[in-house]
Structure formats: C-alpha cells, structure tokens
S.K.: 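Have a look at the structure that comes next, please.
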Number of protein chains: 2
Amino acid sequence: MLQFPELWMNTISLGERIANELRLKILENSIKPGEVLSENQIAQLYGTSRSPVRDAMKALSNDGLIHLERMGAVVLGLSQKDVQELYDIREMIENFAQQRVSRKDMSTVLHSLCLTIDQMELAARYDMHSNFAYYDLTFHETIIRHARHQRILNLWNGMRPLIMAIILVTTEDVFAHGTEHTEWVIDKHRKIVRAMQTGTSETIEKSVGRYFDDSKRTLNKSFPLRIDEGRA
Amino acid sequence: MLQFPELWMNTISLGERIANELRLKILENSIKPGEVLSENQIAQLYGTSRSPVRDAMKALSNDGLIHLERMGAVVLGLSQKDVQELYDIREMIENFAQQRVSRKDMSTVLHSLCLTIDQMELAARYDMHSNFAYYDLTFHETIIRHARHQRILNLWNGMRPLIMAIILVTTEDVFAHGTEHTEWVIDKHRKIVRAMQTGTSETIEKSVGRYFDDSKRTLNKSFPLRIDEGRA
DNA sequence: GTTAATTAACTTGTCGACAAGTGTACTTGG
DNA sequence: CCAAGTACACTTGTCGACAAGTTAATTAAC
C-alpha cells in the first residue's frame, strides 16, 4: 500500500492529513466506490474527533471523490472518465497560463523550469519516486504561478491535492515501466519548454494539447478499468 | 443595505447562510478590506457557535474574499481586478461549455435558454430585481449543465455562490440605469443564443468573448474603485 | 528614554456531548 | 405469509469547553 510522503505534509492540520490518506486509499481502490463512509467511523479509525474528519470529508467532496448525502458519504472513486475530465481542466488552465506567461519576460520562468526538469532527471536516476512526482507537480505549478493570475492560481490550488495524489499513484507505474518511460516523461516537459520559448499562441496551444493527450493516454493505462456509474 | 433573498436560501445549513450574508457585506464594502475577522466575533454577532462560522470562513476563503491566517482572517474584498479575473474564468468555462454543447443536439437547451430569457423580460417589466438576477444566473448555469462535463460543473459550483452575490449586487445598478439597460442585458443573452444556433467554433468563441468583455466593463462601473493591495 | 521580559487577552484546532432527523429491522395485526 | 406501525441504532448539524499558540501591552531593568 502506497503511503503519503511525510515530506509533503507541510500542512499540520489533522483534517488535511486525513484527507490526504483517504484520497490515496480511494485512488488505490482500497476504499471502493459504493461504500458509505460516516464521520464517526473515520474518526474512530484515526482516533480523532469528528471535527477534523468533517474537514477532510468536505475536501474529498470538493475533489469529487465522494458525495455528501444526508446520511453518510457515498464513495464515488475516480473513473477513467473522471481523470479525463480532470485533465481537460488542467489543459484549460495551463493553456491559459502559458499563453499569459509567453506574453511577458520568460527568462526567469524558463530558468526555473529547466532546473525543475534537471531535478526530475536526478530523481529518476536515483529511483526517488515521490521526488520525481513532486518535481513534476512543481513544474506545472511554476508555470501557473508565473501567470500572475490570482483566480487561476485559486483554481489550481483547489484541485492541487487531488492532482498531487494522482501523480503520486501514477508515478509508481511510470517507474515500473523502466528508464525509457521516465525519460519519455521528462522529454515531454522539455518539449513544453521549447514550445514556450519559440512559441506563438497556436504552437503553445498545440503543445499543451499534445502534452495532456499523452498524459491522458498514460493515465488510462495506470488506472485500472473502473465502471463509471452515472452520477446525480 | 441589500439583503440576501430568502428564496435563494435552499440551503438550510447555518454555515452557508452566514457565508452568504458575509459575502454580501464584503461586496457592499460594509465589511472593509484590511479588517480582521475572528470566528468568535462572527459567532457572537450571529448568535451561533463557532462551528458554522468556521464553515463560512472556509467558503469565503475559497472565494478569495478573505485570507485565513494563524490569528484572524484578514478581509481582502473584491477589487476591480479581482472581478476581471473572475470573469476571465467564467469566460474560459463558458466557452468550453458552449463549444461542447454546440457539438450535440441543442434543441432542448435552446428551448430552456429562450424560456429563461423570457423570464428575464418578465422580471424586468415588473421590477423584480432578484428574480432578474436569478434568471441571469440560471441562463449560464443551464449552458454549463448541458455540457455534461462533471468537472466543469464542479468548477462552476465552486464559484457559484460568489457569482450569485456579484450578480445580485450589480443587478441593482442595472435597474438603476432604467429600462434600456435591462433591455441591453437581455439582448446580450439573445445574442449568445443566436451564436450557438448558427455557430462554428470561432463564432462561439467570439460571442462569448464579447459577452464577458461587455460584462467586465459594466462591472467596473458597478463596483466602486478599490485599491488593489498586493496579495501574498 | 529605551529595551527586554512577563503577563494577559485573544486566536485557532480539536474534543466530547446533545438534539433532530433518517433508515432499518422488528414487531404486531390482519 | 404480508402490511403497517413502532422502536432502535446511527447519522449529521450544532454547541460549549479546553489546550496550545500568538500578539500586544504592561512592567521591570538598565
């Protein structure tokens, strides 16, 4: 069972910790769609009171992983379709961000991005999975930060924990497929940098589109088939 | 002082009610940027315990109206720039949604939209401000719902309360400018319908762009100047 | 007068408890 | 055997309390 890296737990809040744990469990199918979670149950499981659990449930509901009902929260899980949709949003956001960044001075951004990619290389060579995942996330977050658009950043922050968990899970599969796959992931990021450097609006849009199309394909392999039950 | 329509309060949760009230107060500048709110203070003000206030604070933080700090939540308010950014996102979302809707059978959607516009007409004629605002919101929500994209709908739901409050506030100004202004707003919606009917991808994109550009301009008039202090 | 230490009044995060409401299972009547 | 009513276990929303931590002010020392 995949554990959440203690290093990423900058958040001291118990609620966030519980949310992170539950997220992983749901993504790993350790908690299965259709199950019903109650606040008492989870609180007892983690040996806490209901207050932090309540926060965690809200977070998971915001992620779309569970649905809060009048009695109990039913687990929805993350179907392939859900991941596709989530990455539709990522594409939308990042396209927006890159367009905006490309209209400014990009020297510092590109510098940061290259550094981050090198960090990925390093993490890949030394088999540091969670570091690899972390710098992958950092890469995209850097772009979004530099767009200087508070509301876009807000959107990103809202889905950040979920994406974090997804990347964490899928990175395992990436490493399982050997060096050529990590190299392929790294190269995808280099391509983005290149597109930003030389890029007009259209080339950036295409570059982002390609990146996330590839990601979606990989994700479909990583995530086991799951029946997508119709949601309310 | 503008009150929140009791009719819209489908939500029975005390936390949501408090959030709605506070949102309006912040938007009306009755609670000013820079002020520091404490949970105890608000709880006492509304005669409740801290639990629902806590929820409300989280909601307001998600809206970007306040910033939760270690001690107290500092009020950020909504500057013109913030509104511009928020409507950037609306444009992004609705463009995405309309593109998707236009690739399907639109007959039922267009039917709903026309009905909603007629409701706006009616509300305008009878000076029912909050109804006018409500149907304005409904119009856009209808489009987004019919895009059948769970994650986009999620995004919309996340910003819905804030947009609701903004529309509520600005609608007052729309009515203050007389019939020609309400007619103008209604006509904007008709134009969207027309673009969707006849529209290719490009015409829809332009239509949406025009709509929100107009909205942004109007909003700038409605919202009084406010210093945009740099945010962390 | 200035600086450092201590106190005092706040703040949030977490906890356990209670009431109101919901669904289930069981009982009771046919 | 089946249906309607009832009781029970379990749920969430809300409450008040406490501890740990932070800020500001007051005091004390120099």
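A note on names: the letters A, B, ... follow the listed sequences, proteins ahead of strands, and every chain is numbered from 1. What's counted below: heavy atoms across the whole structure, side chains too, no hydrogens, waters or symmetry copies.
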S.K.: In whole angstroms, how far is the C1' atom of dT22(D) from the CG atom of Leu68(B)?
M.R.: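 Distance, rounded to whole Å: 16 Å.
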
S.K.: Parallel, tilted or perpendicular, judged at 30° and 60°: which one describes the rings of Phe212(B) and His140(B)?
M.R.: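 It falls in the tilted class, 30° to 60°.
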
S.K.: Around atom CD of Glu35(B), are there more than 12 heavy atoms from other residues, nucleotides or ligands closer than 6.0 Å?
M.R.: yes

S.K.: So, Asn20(A) and Arg23(A): side-chain donor and acceptor under 3.5 Å apart, yes or no?
M.R.: yes

S.K.: Of the residues in residues 45-58 of chain A, which ones touch DNA chain C at a heavy-atom distance under 4.0 Å?
M.R.: Thr48(A), Ser49(A), Arg50(A), Ser51(A), Pro52(A)

S.K.: Is there a donor-acceptor contact under 3.5 Å from the side chain of Arg100(A) to the main chain of Ala147(A)?
M.R.: yes

S.K.: Provide a list of protein-nucleic acid N or O atom pairs under 3.5 angstrom, restricted to nucleotides 9-11 of chain C.
M.R.:
from, atom 1, to, atom 2, distance (Å)
dT11(C), OP1, Ser38(B), OG, 2.9
dT11(C), O3', Gly72(B), N, 3.3

S.K.: Going by salt bridge (Lys or Arg N to Asp or Glu O under 4.0 Å), name the pairs with one or both residues in residues 153-163 of chain A, residues two or more places apart or in two chains.
M.R.: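 Of all non-adjacent pairs touching residues 153-163 of chain A, those that pass salt bridge (Lys or Arg N to Asp or Glu O under 4.0 Å) are Glu141(A)-Arg160(A).
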
S.K.: Can you check whether Asp82(A)'s main-chain N or O pairs, donor with acceptor, with Arg151(B)'s side chain at less than 3.5 Å?
M.R.: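 No.
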
S.K.: When the distance from CZ of Arg17(B) to C1' of dT14(D) is rounded to whole Å, what number comes out?
M.R.: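 Distance, rounded to whole Å: 15 Å.
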
S.K.: Rounded to whole angstroms, how far apart are CD1 on Ile18(A) and C1' on dG13(C)?
M.R.: 12 Å

S.K.: Only one of Glu91(B), Gln98(B), Gln99(B) clears side-chain hydrogen bond (donor to acceptor under 3.5 Å, both in side chains) with Asn95(B); which?
M.R.: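 Exactly one candidate clears the test, Gln99(B).
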
S.K.: Just by distance, do the side chain of Asn154(A) and the backbone of Asn62(B) share a donor-acceptor pair under 3.5 Å?
M.R.: yes

S.K.: Calculate the interatomic distance between His67(B) atom NE2 and dT12(C) atom P; express it in whole Å.
M.R.: 13 Å

S.K.: Tell me: CD of Gln44(A) to P of dA17(C), nearest whole Å?
M.R.: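 Spelled out: CD on Gln44(A) to P on dA17(C) is 13 Å.
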
S.K.: Output the rounded distance in Å from CG (Leu14(A)) to P (dG16(C)).
M.R.: 12 Å

